Q: 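Below is a structure I'd like to ask you about.
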2 protein chains.
Amino acid sequence: MENSRPSSKRFLDIVSDLRTIIKEEGAVIGDKLPSERVLADRLQVGRSTIREALRSLELLGLIETRRGEGTFLADYKKHQLVEILSTFIMQNPQSLKSVDDTRRIHEKAAIECISNDPELRTLPVWESFLGKLKGIDLIIREELLQEIVVVSGNRLSLKIWFLLKQYSRVPYHEAMAEDEKEIATNLLKEMMNGNSHLAIMWYTDWLDIVIGERRGEHEC
Amino acid sequence: MENSRPSSKRFLDIVSDLRTIIKEEGAVIGDKLPSERVLADRLQVGRSTIREALRSLELLGLIETRRGEGTFLADYKKHQLVEILSTFIMQNPQSLKSVDDTRRIHEKAAIECISNDPELRTLPVWESFLGKLKGIDLIIREELLQEIVVVSGNRLSLKIWFLLKQYSRVPYHEAMAEDEKEIATNLLKEMMNGNSHLAIMWYTDWLDIVIGERRGEHEC
DNA sequence: TAAAGGATAGTGGTCTGACCACTTTAGAAT
DNA sequence: ATTCTAAAGTGGTCAGACCACTATCCTTTA
């Protein structure tokens, strides 16, 4: 910790020092870190400076603080940085199309993933969906798509998908129409048979109907 | 800004409020934000709370502060947060796999997008790459992949890809080996011919070689 | 003795006011 | 009109004081 020079941003040095401390103490996820007051004393800075560094790390999802208890090494897997970034970046209306495109990328990938995995594509949940699609039950669009993305097993992809869903133009919360049910049924069947290519085709058809998009449009 | 409830983490609310302010004022990259003291007064909180929020955003690279001048909206594209994150996360068990999988999802989507677009797949840049691949030039892996993701035209996807790239196990910064060049050449050719399916296959082969992954592994 | 209860210390969350170092600006002296 | 200087404004930091909450220990009670 060689911060002899006044580097104009002490709290950045603190962030670095904290990493060193965590490393030295061999702290593992869930472990408790020294209290703010102790850290301030040990690093010879004010408590507020320590806090600025800690709050930064908290927003990054690297630590977790519980009032009255202390500060703990967090489980990074939550990927909450994506959320923060998104709230700042996604307010650009012009990027709505890229949001839709990206969401579609993840849905396609999930369908493909399941189609190519003998275990996943034979899960009973798909039969269950087929049954519901035959009947007169109301099925919300996102029920099926969410199940697909969840089952595919990629947690980060799921997280991103959830995020994008919020900003999407596609009315996910509505129920499927009759002709949609038919297409969804075909999608499921091909997926269960392992025909990823056909499943993707039905998926594309489905979205075309929902959004009423022009086929020839430049789409990626 | 309906934070009437004392949500136990005011500084998180402030982060949200700051976004609102930025939005309302239509601030663009490089614009100056209100001073810390003004913000504290306007949001009815102490200056230290404002600072905790601002420092967090600074570590994320969303704002930039200059002593004596003020706080400014930063250019997100610098991605400086990733450096800090990576030093903390580095080797994380199965979280890394989902990062790799997700990155691959976006690369595949980009390849497919370009293959299916007559304009994009005939761009001169691909011929240029083919030429370089024939010669003895050193070609860094990410040069090609980045170009592909960029050209695909989905800015959000590109942003996510940039983020994931930094966490990846794949040595993006290294140069391609000879056998890799051959595969990359095939990939490009099929892409330029519009055979997205074959292009994807070559892409998969390529990554298998680079990572040395077992073929049979459960992958999505 | 064992369970229930309450006082206490420790922790994060916040505010205030005070400096410091630096930059910009406006006004005074030339 | 130019130059120089003082003042105002800004981020950077610190110290001390509360508050709200949690865990712990110890007394009280059944």
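Note that the structure is a prediction, hence the values are computed from the model and not measured. The sequence lines fix the lettering, A, B, ..., with proteins before strands; numbering per chain opens at 1.
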Q: Has B:T65 got a side-chain N or O lying under 4.0 Å from the OP1 or OP2 atom of D:dT10?
A: no

Q: Suppose we screen for side-chain hydrogen bond (donor to acceptor under 3.5 Å, both in side chains). Which residues come up paired with A:E142, at least two apart in sequence or across chains?
A: A:K165

Q: For residues 31-40 of chain B, pull every pair meeting side-chain hydrogen bond (donor to acceptor under 3.5 Å, both in side chains), keeping only residues two or more places apart or in separate chains.
A: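 Output for this query lists B:E36-B:R47, B:E36-B:R51, B:E36-B:R55.
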
Q: Check the phosphate of C:dG13 against B:S48, side-chain N and O only, distance under 4.0 Å to OP1 or OP2. Yes or no?
A: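 Indeed not, no polar side-chain atom of B:S48 lies that close.
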
Q: Specify the separation, in whole Å, of atom CZ of B:R47 and atom P of C:dG17.
A: 13 Å

Q: Would you mind reading off the distance between A:E64 atom CD and C:dT11 atom P, rounded to a whole angstrom?
A: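 Distance check: A:E64 CD to C:dT11 P gives 17 Å.
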
Q: State whether B:T49 places a side-chain N or O below 4.0 Å from either non-bridging phosphate oxygen (OP1 or OP2) of C:dC15.
A: yes

Q: Go through A:T65 and A:E58 one step at a time and tell me if the side chain to side chain donor-acceptor pair (under 3.5 Å) criterion holds.
A: CA-CA 8 Å; A:T65 56; A:E58 182 176 4; 3.1 Å; yes

Q: Quick check against the 3.5 Å criterion: does A:W206 have a side-chain atom that pairs as donor or acceptor with the backbone of A:L187?
A: no

Q: Return the set of residues passing side-chain hydrogen bond (donor to acceptor under 3.5 Å, both in side chains) with A:E107 (not counting sequence neighbours), or none when no residue passes.
A: A:R103, A:W161, A:Y172, A:Y203

Q: So does B:R51 reach the base of D:dG11 with its side chain, donor to acceptor, closer than 3.5 Å?
A: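 Such a pair does not exist between side chain and base.
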
Q: Please determine whether a side-chain nitrogen of the Lys or Arg among B:R141 and B:E180 lies less than 4.0 Å from a carboxylate oxygen of the Asp or Glu.
A: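 So B:R141 pairs with B:E180 through a salt bridge.
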
Q: Within this structure, what is the CG-to-P distance between B:L54 and D:dT13, rounded to whole angstrom?
A: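 Going from CG in B:L54 over to P in D:dT13 covers 13 Å.
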
Q: Tell me the interatomic distance from B:E52, atom CD, to C:dG13, atom P, rounded to whole angstroms.
A: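 Going from CD in B:E52 over to P in C:dG13 covers 8 Å.
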
Q: Could you go over nucleotides 20-22 of chain D and give all protein N or O partners under 3.5 Å, atom names and distances?
A:
none

Q: If you measure from the Lys or Arg side-chain nitrogens to the Asp or Glu carboxylate oxygens, is any gap between B:E64 and B:R66 under 4.0 Å?
A: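 Looking at B:R66 together with B:E64, the answer is yes, because their closest N to O distance falls below 4.0 Å.
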
Q: Let me know, please, whether A:V38 or B:I50 comes out on the 5' side of the other along DNA chain C by nearest nucleotide.
A: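 Nearest-nucleotide comparison on DNA chain C picks A:V38.
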
Q: In whole angstroms, how far is the C1' atom of C:dT11 from the CD atom of A:E58?
A: 14 Å

Q: Go through it in stages, so that I can follow the logic: the residues are B:H106 and A:T102, the test is side-chain contact (heavy atoms from CB on, under 4.5 Å), and I'd like the CA-CA distance, side-chain angles, deciding distance and then a yes or no.
A: CA-CA 8 Å; B:H106 285 263; A:T102 307; 3.6 Å; yes

Q: Is there a side-chain contact between B:T49 and B:L43, using heavy atoms and a 4.5 Å cut-off?
A: no

Q: Any donor-acceptor pair under 3.5 Å between the side chain of A:R55 and the base of C:dG13?
A: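 Checked by distance alone, the answer is no.
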
Q: Please report the distance, rounded to the nearest Å, between CD in B:Q44 and P in C:dC15.
A: 10 Å

Q: Angle between the end axes of the helix from C:dT1-D:dA30 to C:dT30-D:dA1, five pairs per end, to the nearest 10 degrees?
A: 20°

Q: Should the side chain of B:R37 and the base of D:dG11 be counted as holding a donor-acceptor pair, with the cut-off at 3.5 Å?
A: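 Present.
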
Q: Could you tell me how far apart B:L39 (CG) and C:dC15 (C1') are, to the nearest whole angstrom?
A: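 To the nearest whole Å, that distance equals 16 Å.
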
Q: Which pairs, with at least one residue in residues 48-69 of chain A and sequence neighbours excluded, count as a ring pair (Phe, Tyr, Trp, His ring centres under 6.0 Å)?
A: none

Q: Round to the nearest Å and state the distance from B:D41 atom CG to C:dG17 atom C1'.
A: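 Rounded to the whole Å, the gap is 15 Å.
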
